[in-house]
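Here is the naming used below: chain letters follow the sequence lines, and residue numbers restart at 1 for every chain.
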2 protein chains.
Amino acid sequence: MSKSAISKAERIKARRAREEVNIFARMPAAYAASRSQAAKFLQRAGGLSVVEWRVLWDLSEAGPLSIREMASIQRVDHSQLSRALPGMRRKGFVTMERDEADGRQMNVALTEAGRAAYDKTAPIMKKRREGLRRAFSAEELEQFAGFFDRLEEFLRQPVEDLLAEEKTP
Amino acid sequence: MSKSAISKAERIKARRAREEVNIFARMPAAYAASRSQAAKFLQRAGGLSVVEWRVLWDLSEAGPLSIREMASIQRVDHSQLSRALPGMRRKGFVTMERDEADGRQMNVALTEAGRAAYDKTAPIMKKRREGLRRAFSAEELEQFAGFFDRLEEFLRQPVEDLLAEEKTP
DNA sequence: ATTTTATACGTGACAAGTCATATTAATTTT
DNA sequence: AAAATTAATATGACTTGTCACGTATAAAAT
């Protein structure tokens, strides 16, 4: 009954196959799945949000930090932290104080409750990373990270430059 | 004047270095950069949103599709398309009709205006993919995609299973 | 034939990310 | 010292993504 020589199912399959090797198309899905898995682990571990977990982890590993410093470590926009931190202070996880030497900066530090939340969550999240290391060898993870480095470098190139470049000969 | 043996700058550097090889931590940043670059290309090309572009591309390559089929190709939740499509219909890019054979499905098809928007945007987005192919060889892209396959497989594992597994011996 | 179950879509509520802009404080120029 | 620039944070507006749940239709089981 199909009007076209190629069936709809085949067209979909072909389209899906092409998208499979399109890195740009793969990233949103992989990222979404990762975030979703992280949320599930965090739910198990006590109910922190992803942003909260990252903050506690950074503060716990690197000591008191300013918002900018955390944003740089996490490679996210500072606004995300600006928004999340007041809630974390309300929950008693962190203290925020204006820096004495530089009145623009906020010093964000872990409280005892914050440390406790970290200690409760960390072993579960460690299991997650261990799981990943069963799925990928150390060399592969390094290679994967290297791909991300190069991808980010490409993504940072100004759009004009990319549009101007000649087609590869 | 520092109270600790290790300076704050060094602590931050160490923390950053650890996060650099943490795939989970790299993904949000890489994805955000990719989305941002895509948005810039699309801005140049006429102002489509990322979701709109993906819809036009799919319809143009695979013909009329249901919402579910598009969601499957794009690996996104159907709700995203459910929400975006009425706007695209309003703009005249697509038509949406309930399927005659199966009253649950919507048939989404490209209009002439939709085809025109696609034709205008596609060459610019092609340049983007060409740029990526200058940054990565075909083999590398394949390997990169393969890593995504395995990562997604890992991310799909039930959380219970991962928490139950023994530490690698 | 009826009842149960599965599927497709729509929608509300939310998380996580962006960018642009305002505000205040620090630093550099003049 | 005053003016201009730069930097850190806060906040509004927006996009992309989720999940959960309701509704209607279709398919399967009894």
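Heavy-atom distances to DNA chain D give each of A/P86 and B/D102 a nearest nucleotide, and the one nearer the 5′ end belongs to A/P86.
We find that CZ of A/F24 is positioned 16 Å from P of D/dT16, with the value rounded to whole Å. Look at CE on A/M70: it is 9 Å from P on D/dT9, rounded to the nearest Å. Straight-line distance from the CD1 atom of A/I67 to the C1' atom of D/dT11: 12 Å, rounded to whole Å. The CZ-C1' distance, from A/R98 to C/dA26, rounds to 13 Å in whole Å. The distance between atom CE of A/M96 and atom P of D/dT9, rounded to the nearest whole Å, is 9 Å. The nearest whole Å value for the distance from the CD atom in A/Q43 to the C1' atom in D/dA20 is 14 Å. At whole-Å resolution of the value, CE in A/M106 and P in C/dT24 are 15 Å apart. A straight line from CG of B/L81 to C1' of D/dT15 spans 14 Å, rounded to a whole angstrom.
We find that B/E130 and B/K126 are joined by a salt bridge, their nearest charged nitrogen and carboxylate oxygen being less than 4.0 Å apart. Salt-bridge annotation for A/R75 and B/E19: absent, with no side-chain N of the basic residue lying under 4.0 Å from a carboxylate O of the acidic one.
Side-chain contact between B/V21 and A/L141 is absent, with no heavy atoms from C-beta onward closer than 4.5 Å. Looking only at side-chain heavy atoms (C-beta outward), A/Q80 and A/M70 stay at 4.5 Å or farther from each other.
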Are any protein N/O atoms closer than 3.5 Å to N/O atoms in nucleotides 15-20 of chain C? If there are, list each pair with its distance.
{"unit_1": "C/dA16", "atom_1": "OP1", "unit_2": "A/V50", "atom_2": "N", "d": "2.9"}
{"unit_1": "C/dA16", "atom_1": "O4'", "unit_2": "A/R35", "atom_2": "NH1", "d": "2.6"}
{"unit_1": "C/dA16", "atom_1": "O3'", "unit_2": "A/Y31", "atom_2": "OH", "d": "3.3"}
{"unit_1": "C/dG17", "atom_1": "OP1", "unit_2": "A/Y31", "atom_2": "OH", "d": "3.1"}
{"unit_1": "C/dG17", "atom_1": "OP2", "unit_2": "A/R54", "atom_2": "NH2", "d": "2.2"}
{"unit_1": "C/dG17", "atom_1": "OP2", "unit_2": "A/Q80", "atom_2": "OE1", "d": "2.1"}
{"unit_1": "C/dG17", "atom_1": "O5'", "unit_2": "A/Q80", "atom_2": "OE1", "d": "3.2"}
{"unit_1": "C/dG17", "atom_1": "O5'", "unit_2": "A/Q80", "atom_2": "NE2", "d": "2.9"}
{"unit_1": "C/dT18", "atom_1": "OP2", "unit_2": "A/D77", "atom_2": "N", "d": "2.8"}
{"unit_1": "C/dT18", "atom_1": "O4", "unit_2": "A/R83", "atom_2": "NH2", "d": "3.2"}
{"unit_1": "C/dC19", "atom_1": "N4", "unit_2": "A/S79", "atom_2": "OG", "d": "3.4"}

Polar atoms only, N or O, under 3.5 Å: list the protein pairs with nucleotides 3-7 of chain C and their distances.
{"unit_1": "C/dT7", "atom_1": "O4'", "unit_2": "B/R104", "atom_2": "NH1", "d": "3.3"}
{"unit_1": "C/dT7", "atom_1": "O2", "unit_2": "B/R104", "atom_2": "NH1", "d": "3.0"}

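Using a 4.0 Å heavy-atom cutoff across all strands shown, B/A84 reaches no nucleic acid atom at all.
Within a 6.0 Å sphere centred on CZ of B/R129, other residues, nucleotides and ligands contribute more than 12 heavy atoms. At most 12 non-hydrogen atoms from other residues, nucleotides or ligands lie less than 6.0 angstrom from CZ of B/R90. Enclosure of atom CD in A/Q157 by more than 12 non-hydrogen atoms of other residues, nucleotides or ligands within 6.0 angstrom is indicated.
The backbone N or O of A/F93 lies less than 3.5 Å from a partner atom in the side chain of A/T111, making a donor-acceptor pair. No side-chain donor-acceptor contact under 3.5 Å links B/R115 to the backbone of B/L110.
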